[in-house]
Structures are given as C-alpha cells and as structure tokens.
Amino acid sequence: MRVPGRLFATEALVRAMDNKVFEQVRNVATLPGIVSASLAMPDAHWGYGFPIGGVAAFDEDGIVCMGGVGYDISCGVRLVRANIPRGEVSPKVLGRLADDLFTTIPAGLGSEGAIKVTEGRLEELLDQGARFVVEQGYGRSEDLPFIEELGSVPGADPSKVSAHAKRRQRSQLGTLGSGNHYLEVQQVDAIHDSTTARVLGLRAGELVISIHCGSRGLGHQIATDYQHTMAAATSSYGFTLPDRELVGAPLKSAEGLAYLGAMRAAINYALANRQVLTDLLRQSFERVLPEAELEVVYDVSHNTCKEEEHVVDGHRQRLWVHRKGATRALGPGWPHHPSAYESIGQPVFIGGSMGTSSYVLAGTSEGMRRSFGSACHGAGRALSRTAAKQRFRGDQVVRELAAQGILVRSHSVRGVAEEAPGAYKDVGEVVAAVEAAGLSTTVARLLPVISVKG
DNA sequence: ATGTTC
C-alpha cells in the first residue's frame, strides 16, 4: 500500500460491511499516484474494482481508473422544490399526480423517450450538457446555476465516445432507467439546520421532487469500451495490480485523456437527461397541480472523476478525484457555486429507499480536509437483489406502502421487490455517520409521497 | 447500473 486506507463509519456499519470492501479499499491504496489515503464512505459495499462508496484522489503523475467511476457514469440526484405545502394537496389530486407522472416520465430497462437526438446535435449535447438542452427549450436558463458545473462540465470529448455508445442512447434522453433509479415526490419532514434550509428554499411540510438517474446506455457503453482500452494500457505501461478490475491509464497518456474526455461527455449527458426530466416533471405538475412552482434546488452526481484543487499537507494541489457511489460535497465557496449559495457548502442529496427517508446535507470545510469534499450517496443494500426477491413480493410491498400513504407506480413488480425498504440499510444511520465524521452537515429530512420507478 | 450472459 502506498497510502493508508480510511473508512468513515460507525462500529455497527463496519460490522455489517462485506469483507470485500476492506480488501478493495486496500487494493485502491496500491494504485500509482494516489494521494493521502484510499477512502470509503459509511454506505460502502462491494463494487467493480473500487468499492461503491469509494473515494480516491490522484496527482498528475497518477492514473485514471474506470472502476473508480463505475458503469453508471454521473449517476446523481436533482432536487426540485414545488413551493407548495403537502397539506394543500388533496389525496385525490396526489393520486392523479402519481398517475400523470407515471405516464409522463419514461422509466424501466430499455425505456425510450420521445426525444430523438440527431448525430450532429448529439456532439453538441455531449459537449454542452444541460446548457444545450435548455437552449433547445427544455427547462429554463434560471435552472443552470443550480446544476453542478453550471450544467456543463468542461473537457468533454465526444470524438472519444464510440459509435456504439452514441447509438445506444438514441431514444434515451429524458428517461429514468431502472434499478434504484426513481423520481420521487417528497415532503420536507424535518429541518435540522434552519439557516441552510432557508438558503435552499426548503420549508417544513412543503413538497419537493428528487430525480435519481444517470447517463443510461451511453455511460454504460463508455465504461464497457474503456474497460478494454484500460486493460491494454495497464499491460503496455507495465503496472502490476492487485486486482485486474483496477485497470487504468496514466492521466497524461492518450488512453487516460481519451477516457476522461468520454467520461465527461457522459457526465454532460446525465446532466442533460436530468434537465429534460425536469421539463417533463413541470409539464406533469402544470396539468395536475398548476399552483406549484417548480424550481431547481441543486443537481449533484455521485459517480465521477473530477479535476479539482485541494490542500494536501499544507499546499494546494491539482488532483483527479474519483468518487464512486460518493457524492461531491465541497465546502463553502466551492467553484461555480450560485451566488445565492455563497454562504453554504455544496448541497448533497442522499436517497434512502422507497418508503423511507431521504436527506439533504451540505459540504463542509472539514470534509475538504478529510475526504476531498465527499460524502456518502445512499443507504446501501442490506440484501442482494436475489435475496430481496426471495424475501419480498412486489405487489405486497406496494400495498403496504399505500397503507402508509405512499403511492408507488412501477413498471416492474419484480423491481419493487428488489428495491423493497427492507432490502436497504438504515439511511439515517449512514447520514449520522457522515455528520459525525464532519464530512457534511444534515440540513433536512424528506419523506416519500409518490415514487415513480422503472 | 446495463438492449439484465458477445
């Protein structure tokens, strides 16, 4: 190991962790150019090469690893506030909203949207992200300051994205996908930090909407393509690795630069995807609940590699920070923050599971020192998908949640069983561990009202 | 996560 491994968690969470996580944290610590420590968040679990919940930063002489980002490039969460109290919406209207969202928001494996992007326009989309789709009429220019990187990460290189990856996304812009992706209408249940909540426009009892999804088939295909490129690079640059899943290329190499260019294109695709979904969301609310006024609170990813400046051992350094299942949570004054958020750290959105809480957090200066400005990303599974399917029945889960007043609309009964609340750890415990470690502070808790899933 | 095993 070149650096120590460091795990942020409570004793109970460490005991619940797969031993594979510790092995993977240790493996990542051996990689060329890694700085300070190989980190894992309290929701860490076994992933491809890196643990999901893993954070690792490399200096310019280090490498970039596709396993440090994962297959769902730039998966993330956008929070939108509706500026209307739940109490002002009747159960009947909530039911109509659930049905309208279910028909309006394309979701599910292989789901397709109504938008076809021609090849020429796709290059612009991959280069400009949410900024491009706003110009095309999806959403408002006022949304852009409230998206990470102002809606468009620089340095994307669409020419490094394979024709196959481009083809796979053909009808996928503005779609949720499947698995743990969802669109959820929630109510602000508890305010933990009233000052920051006020800055974010979050008021107890009001409705908000979380959109959790990524770059769909495009990002997945980029990861698959570069897995092969990186394997070839690893052997040609003569790295010896503890795990072949950790293949990577020097940051300055042709292969490394190509991956970074393609990965940033996928980031822009994901930002555009969530922007188009926001537009569909507004259309749905406009039909059913026109009193609502939908404004973007923020949009943040949890599967990325980003070039950032951090202070390490007293001096400022340019680093490439891999966050895989770890939310960027930069401290106050972070680059590209909207002026309205001058006084607070980067907003962080932690999804629980269907039927449980989600949390809004904010990054801290201490998190900058301890985790390169990173936090957890979710509850983390307690049961595998297979185990969850054996334990739960999807139709029964839907009925039980309906009895609690939570409306689930899903394209897949089996998917609901896999995503049952009982298949996940307690998200509150994970969030408490992040806060105890000083990585972020808790701002508000959200409770589900309507859940739209693939 | 993923046209869920090229």
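Residue numbering restarts at 1 for every chain, and letters A, B, ... go by the order of the sequence lines.
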* Taking every non-hydrogen atom, the tightest pair across A:L7 and A:M41 -> CD1-O, 4.3 Å

* Asked: Without hydrogens or angle criteria, can the side chains of A:E419 and A:S353 be said to hold a donor-acceptor pair below 3.5 Å?
  -> no

* Structure fact -> In whole angstroms, the gap separating C1' of B:dT2 from NE2 of A:H411 amounts to 17 Å

* Asked: So what does A:G179 hit on the nucleic acid, given a heavy-atom distance under 4.0 Å: a base, only sugar-phosphate, or nothing?
  -> sugar-phosphate

* Asked: To the nearest angstrom, how far is A:Y48 atom OH from B:dT4 atom P?
  -> 18 Å

* CD of A:E418 versus C1' of B:dT4: gap in Å, rounded? -> 9 Å

* Could you tell me the separation between the OH atom of A:Y71 and the P atom of B:dT5, rounded to a whole number of Å? => 12 Å

* Asked: What does A:R170 touch in the nucleic acid at a heavy-atom separation under 4.0 angstrom: a base, only the sugar-phosphate, or nothing?
  -> nothing

* **Between B:dT2 (C1') and A:L176 (CG): distance, integer Å** => 15 Å

* Roughly, in whole Å, what's the span from CZ in A:R216 to C1' in B:dT4? -> 12 Å

* Asked: In chain order, what residues pass the salt bridge (Lys or Arg N to Asp or Glu O under 4.0 Å) check against A:R121, with sequence neighbours excluded?
  -> A:E124

* When all nucleic acid strands are considered with a 4.0 Å heavy-atom cut-off, which category describes A:E112: base, sugar-phosphate, or nothing? -> nothing

* Just call it for A:H164: base, sugar-phosphate, or nothing, with non-hydrogen atoms closer than 4.0 Å on any strand. => base

* Can you tell me the distance, in whole Å, between the CZ atom of A:R385 and the P atom of B:dT5? => 12 Å

* Asked: At under 4.0 Å, does any side-chain N or O of A:S178 touch on OP1 or OP2 of B:dT2?
  -> yes

* Could you check how far CD of A:Q172 sits from P of B:dT2, rounded to whole Å? => 8 Å

* Please identify each residue that fulfils side chain to side chain contact (heavy atoms under 4.5 Å, CB included) with A:E23, with sequence neighbours left out. => A:K20, A:R26, A:N27

